[in-house]
Visitor: 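Got a structure for you, questions after.
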Protein chains: 2
Amino acid sequence: MTEIESILMRFLKQFDITEIDQQLIYSLSLQCRIQNYPKKIILSKEGSHNKYVFIIKKGFVRRYAISDGKDITLEFAQENEMITSRYALVTGNPTIDYIETIEDSVVLKFNFESIKELHSIYQIAPKIGNVLRDRYFLKLENRILTLQKSSGEARYNDLLQNHEHILKRASLGQIASYLGMTQENLSRIRAKKS
Amino acid sequence: MTEIESILMRFLKQFDITEIDQQLIYSLSLQCRIQNYPKKIILSKEGSHNKYVFIIKKGFVRRYAISDGKDITLEFAQENEMITSRYALVTGNPTIDYIETIEDSVVLKFNFESIKELHSIYQIAPKIGNVLRDRYFLKLENRILTLQKSSGEARYNDLLQNHEHILKRASLGQIASYLGMTQENLSRIRAKKS
DNA sequence: GCTACTTTTTGATAATTGTCAAAGGAAATT
DNA sequence: AATTTCCTTTGACAATTATCAAAAAGTAGC
């Protein structure tokens, strides 16, 4: 098995996808490349028509948008997680967000268009898509529940409890915008805890 | 065409689902009922094992959770929209949220289990599911961007601009929790605007 | 080690928001 | 129409958060 195939296998195994077809893995593996990036490299730019899906083999990656001139973190992805601009994939419009490495990273880079074709060929590809989408739902809904908490401390506690790794790997400003507060406030909330 | 079929057609037409199969519509129509509810009726309870999907024909419906003893609005649905507890559908666990009518409503009520079977029979059912999921993504991602804005006024403005109908049809407390603030604060923000 | 650069912390102050309580309005019921 | 109930607004005050500025701490390159 190639390295790419083994990364794909490891990624899919976490989702209780029982029917992992070796042939499908092989076909997928032909549609992507392993890429090495230093930190602070932009993998996907706003306005871009190229639509990529990234699976993180090693490192830490962030998706963000510029809204009202401010850098707003939308999503983090660590090892064995996937990150992509769903807006672009779903609407077919140019990307409205950026994806960048926070740490030196090794990622599997797919061109989404080439995967789409596989969807119609293999029965199993849609099933994988469904599972990935369903997982992402839960993630988003939990995130919304966190953001609805009006006190900053409550939102920080949610992150501490459910995604502690983010606090260790991202910068203060990145985390603060993710939680919808200023970095000064986050710094003080954190200080109060220790 | 029965009334149920025509509601289904109208619902699906808004999603650019080109291949609407009359046979599928018919099959779906057998799996659901039209229900009339007065306002303030709970359609789905926390802890329930019955999983329903509702399409709103007329009226206004709200999904909410009780978190730390507080009523938190998660979602609103108006005419021609769908509402359901995705958590329950995806995980198979009992529902963790409630769905209730805000106005007198006419809804199409599906039992999700019976639809699931159709998925495997018809080619098109998964495609519809995909489109519905994709739309819901965008909704959630936009909602997150709104909630990340730290000032209450900015969040209110987002709602005013993108979902003004909510401000007209829901109560202050319901909207306030939806935006992650107290109703007193929302009342003052609103007063300041006029 | 030193310097330049970036990130985090701290301080002071203003603005926003939450909390509790009471008053005012609107809607439903009798 | 009057009463009850529910929802919204207002007031006073406390707590939280944002903003701006500067200091401190941490990183990277030399």
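The sequence lines fix the lettering, A, B, ..., with proteins before strands; numbering per chain opens at 1. Just so it is clear, the structure is predicted and the values come from calculations on it, not from any experiment.
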Visitor: Taking salt bridge (charged side-chain N to carboxylate O under 4.0 Å, His left out) as the cut-off, I'd like each qualifying pair that reaches into residues 85-96 of chain A, sequence neighbours left out, listed once.
Guide: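 Checked against salt bridge (charged side-chain N to carboxylate O under 4.0 Å, His left out) - neighbours excluded - the pairs reaching residues 85-96 of chain A are A/E75-A/R86.
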Visitor: Figure out the CD1/C1' separation between B/I189 and C/dG18, and round it to whole Å.
Guide: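 In whole Å, C/dG18 C1' lies 12 Å from B/I189 CD1.
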Visitor: Could you list by number each residue of residues 145-177 of chain A showing a heavy-atom separation from DNA chain C of less than 4.0 Å, or answer none if no residue does?
Guide: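 Nucleic-acid contacts, sorted: A/S150, A/S171, A/L172, A/G173.
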Visitor: Please figure out whether B/K40 or B/E184 has its closest DNA chain D nucleotide nearer the 5' end.
Guide: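 The residue mapped nearer the 5' terminus is B/K40.
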Visitor: Would you tell me if any nitrogen or oxygen in the side chain of B/R188 comes within less than 4.0 Å of OP1 or OP2 on C/dG18?
Guide: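 B/R188 to C/dG18 OP1/OP2: no side-chain N or O under 4.0 Å.
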Visitor: For the helix from C/dG1-D/dC30 to C/dT30-D/dA1, what angle separates the axis at the start from the axis at the finish, each from five pairs, in steps of 10°?
Guide: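 Roughly 50°, once rounded to the nearest ten degrees.
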Visitor: Who pairs with B/N142 by side chain to side chain donor-acceptor pair (under 3.5 Å), at least two apart in sequence or on another chain?
Guide: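 Testing B/N142 for side chain to side chain donor-acceptor pair (under 3.5 Å), a comparison that skips the adjacent residues, returns none.
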Visitor: Just how far, in rounded Å, is C1' of C/dT7 from CG of A/L186?
Guide: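 For the pair A/L186 CG and C/dT7 C1', the rounded distance is 13 Å.
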Visitor: Sequence neighbours excluded, which residues qualify as ring pair (Phe, Tyr, Trp, His ring centres under 6.0 Å) partners of B/F137?
Guide: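 Here the qualifying residues are A/Y136, A/F137.
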Visitor: Give every residue pair that meets the ring-ring contact (aromatic ring centres under 6.0 Å, His included) criterion with at least one member in residues 67-87 of chain A, sequence neighbours excluded.
Guide: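 Matches after skipping sequence neighbours: A/F60-A/F76, A/F76-A/Y178.
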Visitor: State which residues pass side chain to side chain donor-acceptor pair (under 3.5 Å) with B/S105; sequence neighbours excluded, sorted by chain then number.
Guide: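 Side chain to side chain donor-acceptor pair (under 3.5 Å) list for B/S105, sorted by chain: empty.
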Visitor: Measure from CG on B/N185 to C1' on D/dT9 and round the result to the nearest Å.
Guide: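 Nearest whole value for this atom pair: 13 Å.
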Visitor: With salt bridge (charged side-chain N to carboxylate O under 4.0 Å, His left out) as the rule and sequence neighbours excluded, what pairs involving residues 30-58 of chain A come up?
Guide: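 Only A/E3-A/K57 qualify under salt bridge (charged side-chain N to carboxylate O under 4.0 Å, His left out).
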Visitor: Would you mind classifying the nucleic acid contact of B/K192 as base, sugar-phosphate or nothing, using non-hydrogen atoms under 4.0 angstrom?
Guide: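 B/K192: no heavy atom of the nucleic acid under 4.0 Å.
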Visitor: Between C/dT10 atom C1' and A/R190 atom CZ, what is the distance in whole Å?
Guide: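 Going from CZ in A/R190 over to C1' in C/dT10 covers 14 Å.
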Visitor: Apply side chain to side chain donor-acceptor pair (under 3.5 Å) to A/K168 and list each qualifying residue two or more places apart in sequence or on a separate chain.
Guide: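 Listed in chain order: nothing, the list is empty.
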Visitor: For nucleotides 25-30 of chain D, just jot down a letter per nucleotide in 5' to 3' order: B, S or -, based on protein non-hydrogen atoms under 4.0 Å.
Guide: ---S--
Visitor: I'd like to check the side chain to side chain contact (heavy atoms under 4.5 Å, CB included) partners of B/K192; sequence neighbours left out, ordered by chain and number.
Guide: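 So B/K192 forms a side chain to side chain contact (heavy atoms under 4.5 Å, CB included) with B/E153.
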Visitor: Please list all pairs meeting salt bridge (charged side-chain N to carboxylate O under 4.0 Å, His left out) that have one or both residues in residues 88-97 of chain A, counting only residues at least two apart or in different chains.
Guide: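 Output for this query lists A/R63-A/D97.
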Visitor: Where the side chain of B/T73 meets the backbone of B/I175, is there a donor-acceptor pair that is under 3.5 Å apart?
Guide: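 Judged by distance alone, no pair lies under 3.5 Å.
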Visitor: For A/Q22, look at atom CD and say whether over 12 heavy atoms of other residues, nucleotides or ligands are found less than 6.0 Å away.
Guide: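 Yes, the 6.0 Å shell around CD holds more than 12 heavy atoms from other groups.
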Visitor: For the base of D/dC7, is there a side-chain donor-acceptor partner from B/Q183 under 3.5 Å away?
Guide: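 In this structure, the two groups form no donor-acceptor pair.
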